[in-house]
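Right, I'll just put the structure down here and ask away after.
Residues take their numbers from the sequence shown, with the count starting at 1. Every number for a ligand or one of its atoms is a count from 1 in the order of the listing. Model, not experiment: these values are computed from the prediction.
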Amino acid sequence: MATLYDTLSAKIPDWRYEVKQLLEEKGDNIISQVTVKQAYGGMRGVKALVCDTSSVSPETGLIIRGRPLLDITNILPEEVFYLLLTGDLPNEEALKDLQDQLAEHNDVPGYVWDVLEAMPEDSHPMTMFDTAILTMERESIFHRRYDEGLHKQDFWKAILEDAIRLVAKLPNIGAGVYRIRFKKGPRIEPDKSLDWGANFAHMLGIEDPNGILKKLMRLYLMLHCDHEGGNVSAFSALTVASALSDPYYAVSAGLNGLAGPLHGLANQECLKFVLEIRDHFGGVPSNEELRQFVWDRLNSGRVIPGYGHAVLRCPDPRFTAFIEFGKQNIHDDPVFTIVQKLFDVVPPVLKEQGKAKNPWPNVDAASGSLLYHFGMTEFSFYTVLFSISRAMGMVSQMVINRALGMPITRPKSVTTDWIKKNA
Ligand code: CMX
């Protein structure tokens, strides 16, 4: 049987050889230049990182290992995890093996719950989630083996073990945060017979008589898994990991970046915005009313959450996948209807305003309306869902970076005086 470990063991020597050859043949070739504007502009567009798990094309959006996202929306999160790591979809046996490993390791140490229970009642769910991950750092196999003198060639193996154990626990931790923070009653134990995404829905304890919440969670956790290497959370995580900090340190660091309102927290901001519209108009407004509302928000110096992107220049396929899910399952819901109307109204307004380079919706524009419909109304929790999924991309990038022997990240910064004299 080609397990995840076997598949990676077979592929990694080839990947190493390929990179070695590339460096020998093309090591001094130029792939990017940096302007002063880019140095002051968040390094936008500078090509100075390699990430093989996924890429983001401005015109098509997320491509996972060569597969456009909208071609694979039917696969399970576990399958996408395998795909991110290896470049292949698992066969039935390999999938079962990975699911068994995830089920084996989904219990969370008791001290994590003690820490979460002790946190102030008004802690943000992301603070609780990231704290839980950091608290578990003592579990790291990589950390222990490194201290014992692990050979550099084998770093990836210990990182992979940490990756599986950590990913296995995240739905349990996320659901625990939900139940503790929002006083939903006792935590619900994992059901080892369920797949990773369905188990998360089960542990949340939200009624799901038709199993649609389970379907939504599988889709949600699949769609958010990765978005190449340069976004705030991925870049932070892989920078921390490049210092050989273990995945518990590195994922926690990356997710602290995801908690920013311009990044993953936008999904909470987005639903807040949609509910504000519903309450302001006492229901679904007309397109003209909505247009004015959007202009008023822009004129007060605030962004339209869920719209714009640093790389994309098209409607985000993850948005499209959520809209399709909504059309099939909740087409007459007023909050979802406002989300659809915003898709008609916001892009022309942003184009007219002329500032945003991308007037189209991103991943965060639609997801909240679906969660809200299915009973998850506590929107400060939404970025935790994003995090559970995105951790798969982060740890996959870490396994590959260690397998390829990537060194510590260390770009050079310069002073404003240096730029004045040299640019
Ligand atoms: N509403 C209003 N103005 C916007 C805008 C939006 N949705 N998107 C961009 N702009 C503005 C920027 O604020 C910037 O204005 P200033 O020149 O006054 O600073 C200008 O347009 C140019 O920005 P840009 O180059 O198009 O966008 P950036 O790459 O700088 O930023 C992003 C990208 C996502 C931070 C930005 O589009 C934004 O703030 N969007 C709203 C928040 C959001 O939805 N974030 C989630 C992104 C997805 C994710 O990472 O999770």
Note to self: So, applying side-chain contact (heavy atoms from CB on, under 4.5 Å) with Pro171, which one of Leu194, Asn199, Ile388 is it?
What the structure shows: Ile388

Next item on the list: Ignoring hydrogens and angles, state whether a donor on the side chain of Asp364 or Gln268 is under 3.5 Å from an acceptor on the partner side chain.
Entry: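 No, no side-chain donor-acceptor contact under 3.5 Å.
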
Next item on the list: Heavy-atom cut-off of under 4.0 Å around ligand 1: list whichever protein residues fall inside it, by chain and number.
Entry: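 Residue list for ligand 1: Arg44, Leu262, His263, Gly264, Ala266, Leu298, Val303, Ile304, Pro305, Gly306, Tyr307, Gly308, His309, Ala310, Leu350, Lys355, Ala356, Lys357, Asn362, Asp364, Phe386.
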
Next item on the list: Output every pair passing side chain to side chain donor-acceptor pair (under 3.5 Å) with a member in residues 167-180, not counting sequence neighbours, ordered by first then second residue.
Entry: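 Listed by first then second residue: Tyr178-Glu378.
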
Item checked: Gap between atom CG of Leu216 and atom CG of Asn329 - 0.5 Å precision -> 8.0 Å

Notebook entry, point to check: Taking 4.0 angstrom as the limit, do Lys96 and Asp100 come out as a salt bridge?
Noted result: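 Result for this pair is yes, salt bridge flagged.
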
Check: What do you reckon, is NZ of Lys192 surrounded by more than 12 foreign heavy atoms closer than 6.0 Å?
Finding: yes

